[in-house]
2 protein chains.
Amino acid sequence: MAQGRAGDPDHGVELLWREAEREPRPGLSLRRIVRAAIELADAEGLEGLSMRKVADRLGFTTMSLYRHVPGRDQLVDLMRDEVLGEVLAGAPEEGPGAGGSWRERLAEVARQGWELRGRHPWLAEVRGSRHLPGPNAVAHYDYMLGTLTGTALRPSEVIAVIDLLGRFVDAEALLLAETRREERRSGVSEQDWWGARDSLYERLGRYPTLTRLWETGGWDRPEDSFAFGLRRLLDGVEVLVRERENERDETRDETRPESCPECGTLLDAAPSGRPRVYCSRACRQRAYRRRRADA
Amino acid sequence: MAQGRAGDPDHGVELLWREAEREPRPGLSLRRIVRAAIELADAEGLEGLSMRKVADRLGFTTMSLYRHVPGRDQLVDLMRDEVLGEVLAGAPEEGPGAGGSWRERLAEVARQGWELRGRHPWLAEVRGSRHLPGPNAVAHYDYMLGTLTGTALRPSEVIAVIDLLGRFVDAEALLLAETRREERRSGVSEQDWWGARDSLYERLGRYPTLTRLWETGGWDRPEDSFAFGLRRLLDGVEVLVRERENERDETRDETRPESCPECGTLLDAAPSGRPRVYCSRACRQRAYRRRRADA
DNA sequence: CTTTGCTGTTTATGCCGTAAACAAGGTATT
DNA sequence: AATACCTTGTTTACGGCATAAACAGCAAAG
């Protein structure tokens, strides 16, 4: 069934989105394969993931896997979707973090993504631009986009911010994962390895800025690169949000606000005929809570 | 000479830093190998780079390369350093961009890095945390760090900003490179490929934020992700710079400024005995030009 | 009872990096 | 001049990888 379909993306969609497994029978199954592959990748990284090893771990031959998965790439897509389910499983009901400012909510999803990649470092190593999202991936993306609901950002900006943040988290996680793996493989810590490169340091005297930063202790206590980067990014987004808020405020008094300032939904006329400000009681209360929190 | 040294980083240092080749003799040479490898990787990506193909391109056997390069990884290090030389070759003398504000200089090095990765997309694909820098890599790093000279940032922050920016450029370039490659490999544009995933879109109705953003045209004209991200990042850095400037200004009036506000150099007493403000005429003029430009 | 389809296995192909032994030529030493 | 050595390139071989293709066992459906 799965065989010979490695080049068919739509089959990949079916695989990712089809209903939960029927009754668990003995023998192989998609879910078992995916789970085994995740364990393997958690331990050895994405590059250490091979069809052979997954099959061995399950006690089957390599080719047996191809009865359930079209190929390695699709297996990775399935693994990705599986672990993305972990974030939502631990999240509260009412959207992303419910309370708090957009900034707090955004910082929270970044932290969640960071922690997920701490548990599954291979997630950041997944390459390629055509990975099909499964139900969990889409739900997670929707959840992240939801953090910016109610800001004055334009739709395309909401998307750009979330994508940017996602790439940032991935890049930082990738760096950490690679460092960790090389440390484990070689048995030498990153510090020790670089510290032993005397033949390199001998040659760095001629570089002025490098030398000055070295002498003023720039490398003595380095910044935490995830925390530092996240702060800069959030600050940068905040500048944009404020800009859009100012634009909104300038036009507010003349043209009546025709969309909910909290979630952006278009406002239909209230039954009473009185002009609405919020689209629902939930939004009105959320705005109230935020106003109180800001003060 | 190169053989059997694949695990010796110090030999890698020697290779990267040793003087320019002697007279070009017929047959193989390190430089020729590196050049051929760069051409290959430019065309086929880092994953398409193999010792076999490099050797074929030069008309030698695979193993002949190992007389000059310890292994594939070290070859990549050499390629990296070679192309990093391109940036500095086109740069003016007096440090990074010489004129302009720190923000303009920082934006400029980001743009240069972006363009370099446009010419050599594989550069962003290089993985691993223990890549030895050669002379060009160090000079380029020094050059980038130099853009923030004269700001109120602390040394560790200067480094963190430059590293963050570097990872950002790399991440964006990687995304683009992967997209391009898949487009070339499959012959289908990214838009067309995703547009044909009807079996996926059928299932996206249940996701509220996604749906709302779709309906309000969020994906109609997406932001340019490099330009957008760079703006956010620079804005974020600017927030930090201003914060540090305020801190400096608060202590300015009581304790005399003992370092040049333009480049950070410690000020020695002027021969006249009159308290100096800038360390040199160059810095005084630069500050003047900037003040005029801001107004 | 036979046909069909699902599941797992066997076998084989063609990539990859590189270790090890070897061959040939130039250079230095005796 | 004869010898040893060093540098360069080749041959051969190994173990790893993904996966195509043919095949074998079994169960349910006709």
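Reckoned from all heavy atoms, side chains included, excluding hydrogens, waters and symmetry mates. Not measured: the values here are computed from a predicted model. Letters go in sequence order (proteins before strands), and every chain restarts at 1.
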Report summary line: Those residues at least two apart in sequence (or on a different chain) that pass salt bridge (Lys or Arg N to Asp or Glu O under 4.0 Å) with A:Arg119 are A:Glu86
Requested in this report: Would you please name every residue forming a side chain to side chain contact (heavy atoms under 4.5 Å, CB included) with A:Arg127, sequence neighbours left out?
Outcome: A:Leu174, B:Arg127, B:Leu174, B:Glu178
Query raised in the report: Rounded to the nearest Å, what distance is computed from the CZ atom of residue A:Arg32 to the P atom of nucleotide C:dT7?
Result: 13 Å
**Report entry** Nucleotide D:dA21, atom C1' - distance to CE of A:Met63 in whole Å
**Finding:** 9 Å
**Report entry** Residues B:Glu190 and B:Thr179: side-chain donor-acceptor under 3.5 angstrom
**Finding:** no
Report task. Can you tell me the distance, in whole Å, between the CG atom of A:Asp73 and the P atom of D:dC17? Result -> 16 Å
Query raised in the report: Can you check the A:His68 NE2 to D:dT19 P distance for me, whole Å?
Result: 17 Å
Query raised in the report: Tell me: CG of B:Leu75 to P of C:dT18, nearest whole Å?
Result: 10 Å
Query raised in the report: Sequence neighbours excluded, which residues qualify as ring-ring contact (aromatic ring centres under 6.0 Å, His included) partners of A:Trp114?
Result: A:Phe226
Query raised in the report: With sequence neighbours excluded, what pairs up with A:Asp163 under the side chain to side chain donor-acceptor pair (under 3.5 Å) test?
Result: A:Tyr141
Report task. Sequence neighbours left out, what passes side chain to side chain donor-acceptor pair (under 3.5 Å) with B:Thr62? Give chain and number order. Result -> none
Query raised in the report: To the nearest Å, how far apart are A:Leu65 CG and D:dA18 P?
Result: 10 Å
Report task. Output the single nucleotide from D:dT11, C:dT10, D:dA18 whose closest atom is nearest the side chain of A:Arg72. Result -> D:dA18
Report summary line: Residues of residues 46-59 of chain B with a heavy atom under 4.0 Å from any atom of DNA chain C, listed by number, are B:Leu49, B:Ser50, B:Met51, B:Arg52, B:Lys53
Query raised in the report: Does a side-chain N or O from B:Ser64 land closer than 4.0 Å to OP1 or OP2 of D:dT8, or not?
Result: no
Query - Nucleotide C:dC16, atom P - distance to CG of B:Leu40 in whole Å - result: 10 Å
Requested in this report: Please report, rounded to the nearest Å, how far the C1' atom of D:dC23 is from the OH atom of A:Tyr66.
Outcome: 18 Å
